[in-house]
Amino acid sequence: MRKIFIIFIALFFANVATNFTYAQDAKARTLLDAMSNKYKKYKSFRATFTSTLASESESINESLTGTITVKGNKYHLKTKGQEIYNDHKTVWTFLDDANEVTITSYDEADGLNPTDIFDIYKKGYKYVVVEEVKVGGRAHQVIDLVPEDKNLQFFKVRLTIDKANYSLASWNIFEKNGRVHSYKISDFQPNVSVTDSDFQFSKVKHANVEEVDLR
C-alpha cells in the first residue's frame, strides 16, 4: 500500500493545473496568498510528514511517515523502503527491498512537484473558509478547494493553515470513491543546506544496485 500513497501524490499534482479562473472567497484568497508567498520566499526546505489513507467502506486505515527536501523545482522524497530523486531532468525511483532503481526522463505533465500544493488554488478552483480550529493551541483556518473540472478523481482538497504565521499544517484530499488521503506536517525546516547532487541518485552509495533505465 506504500506505493499507492506515492502514486496518488503524483497523479494529484499532475492533474491540478487547469485553464479556468473563477470568482472566489476574498477571505480565503487573502489567507491562501499569504501562505503561498511565505513558502515562495524559501530557497529550500525539508519537511517531515505523515501520510494516511483511509476508507471506511474498504476498511483501510494505513499510515506512513517520510521526509521531503525541496530546492526550487528539484526534490528528494523518502518514505519507508522507497526514495524518489528528481533533478528536473531525470527521475530515479529507488526500492530498498529490491535494491533496484528505475530511471525515467522528467516530464512536467506527469511529474510530481511538491511545491504545487502552495499554488494549486490559483487556477481551476473555487475556495472558501469553512471553519476555524485549534491545532496545538493555535488558531488555524480550514479552507476547502473545489475543482471546477468534475472529471478529476477527487472532489475536494482541504487545507489547514495557521492563522498567525500562514504555515500549512495539513491537507486532505477527498476522492469520489470515498478514500481520504491526509498529509500532516510535523516538522518544517526552511532554507536547509543542500546541493544539486542531493537530488540525484548515487550508485556509489548503493552497492550492486539493479538499474532499470526507461529513458
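Values below: every heavy atom of this structure, side chains too, minus hydrogens, waters and symmetry copies. The chain is numbered in sequence order, starting from 1.
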Starting at CD1 of Ile173, measure out to CZ of Arg158 and round the result to the nearest 0.5 Å. 13.0 Å
Output yes when a side-chain donor or acceptor of Thr79 lies under 3.5 Å from a complementary backbone atom of Gly66, and no otherwise. no
Is it the case that atom NZ in Lys41 sees more than 12 heavy atoms from other parts of the structure closer than 6.0 Å? no
I want to check a possible cation-pi pair here: Lys156 against Phe174, using under 6.0 Å from ring centre and within 45° of the ring axis as the test. yes
Glu131 atom CD, neighbour heavy-atom count above 12 within 6.0 Å: yes
Let me check something: do Phe118 and Phe154 share a hydrophobic cluster, defined by ILVMFWY side-chain heavy atoms less than 4.5 Å apart, either directly or through other members? yes
When every non-hydrogen atom of Tyr39 is compared with those of Tyr166, the smallest separation belongs to CE1-O, 4.0 Å
Determine, step by step, whether Ile103 and Glu211 satisfy the side chain to side chain contact (heavy atoms under 4.5 Å, CB included) criterion, reporting the C-alpha distance in whole Å, the side-chain angles of both residues, the deciding distance to 0.1 Å, and the verdict. CA-CA 7 Å; Ile103 308 171; Glu211 288 187 336; 4.1 Å; yes
Ring centroid separation for Tyr106 and His88, is it under 6.0 angstrom? yes
Close side-chain approach of Trp92 and Thr104, heavy atoms under 4.5 Å: no
Verdict with reasoning, Leu168 to Trp171, per side chain to side chain contact (heavy atoms under 4.5 Å, CB included): CA-CA 8 Å; Leu168 179 62; Trp171 67 95; 3.6 Å; yes
Between Val146 and Ile143, is there a shared hydrophobic cluster once you connect ILVMFWY residues whose side-chain heavy atoms come closer than 4.5 Å? no
With a cut-off of 6.0 Å (strictly less than), are more than 12 heavy atoms of other residues, nucleotides or ligands near NZ of Lys176? yes
Between Val180 and Ile120, is there shared hydrophobic-cluster membership here, with clusters defined by ILVMFWY side-chain heavy atoms closer than 4.5 Å? no
Within-4.5 Å side-chain heavy-atom neighbours: Lys80 and Thr65: no
Could you grab the distance from atom CE of Met35 to atom CD1 of Ile161, nearest 0.5 Å is fine? 4.0 Å
Ion pair present between Asp162 and Arg138, side-chain N to carboxylate O less than 4.0 angstrom? yes
Ring centre gap for Tyr85 and Phe199 strictly below 6.0 Å: no
Other than Val212, what residues sit in its cluster of Ile, Leu, Val, Met, Phe, Trp and Tyr side chains whose heavy atoms are under 4.5 Å apart, directly or through others? Leu214
Determine yes or no for a side-chain-to-main-chain donor-acceptor pair under 3.5 angstrom, with Ser59 supplying the side chain and Ser55 the backbone. no
Ignoring hydrogens and angles, state whether a donor on the side chain of Thr52 or Ser182 is under 3.5 Å from an acceptor on the partner side chain. no
Let me confirm one number: the NZ-OG distance from Lys71 to Ser193, rounded to the nearest 0.5 Å. 9.0 Å
Identify whether the distance between the nearest side-chain nitrogen and carboxylate oxygen of Asp33 and Lys122 falls below 4.0 Å. no
Could you grab the distance from atom CG of Asn165 to atom NE2 of His140, nearest 0.5 Å is fine? 7.0 Å
Shortest non-hydrogen contact between Thr195 and Asp198, atoms and distance: N-OD2, 2.7 Å
Going by an N to O cut-off under 4.0 Å, is there a salt bridge joining Asp119 and Lys40? yes
Spatial distance of atom CG (Leu95) from atom OG1 (Thr102) [nearest 0.5 Å]: 6.5 Å
Is any side-chain heavy atom of Val128 closer than 4.5 Å to one of Val130? yes
Between Tyr42 and Phe188, is the gap from one ring center to the other below 6.0 Å? yes
Asn177 and Ser57: which non-hydrogen atoms are nearest, and at how many Å? O-OG, 4.4 Å
Side chain to side chain contact (heavy atoms under 4.5 Å, CB included) evaluation trace for Lys89 with Ser105: CA-CA 6 Å; Lys89 295 179 181 179; Ser105 296; over 6 Å; no
Euclidean distance, Asp87 CG relative to His76 NE2, rounded to 0.5 Å: 12.5 Å
If you take all heavy atoms of Phe49 and Ile68, which pair is closest and at what distance? CE2-N, 4.2 Å
If you count every heavy atom of other residues, nucleotides or ligands that lies below 6.0 Å from Lys184 atom NZ, does the total exceed 12? no
Grouping I, L, V, M, F, W and Y whenever their side-chain heavy atoms are under 4.5 Å apart, do Tyr121 and Ile185 come out in a common cluster? yes
On a heavy-atom basis, which atom in Ser44 and which in Val194 lie closest, and how many Å separate them? CB-CG2, 4.1 Å
Could you tell me whether a side-chain N or O of Asn172 sits under 3.5 Å from a main-chain N or O of Leu159, the two making a donor and an acceptor? no
Taking Arg215 first and then Asp213, would you say they form a salt bridge - that is, a charged N and a carboxylate O separated by under 4.0 Å? yes
Using only atom types and a distance under 3.5 Å, with no angle test, would you say the side chain of Lys150 pairs donor to acceptor with the backbone of Pro147? yes
For Asn208 and Asn99, which heavy atoms make the closest approach, and how far apart are they? O-ND2, 3.3 Å
Between Tyr125 and Leu32, is there shared hydrophobic-cluster membership here, with clusters defined by ILVMFWY side-chain heavy atoms closer than 4.5 Å? yes
Which is it for His206 and Phe94 under the side chain to side chain contact (heavy atoms under 4.5 Å, CB included) test, yes or no, and what are the steps along the way? CA-CA 10 Å; His206 301 278; Phe94 174 67; 3.5 Å; yes
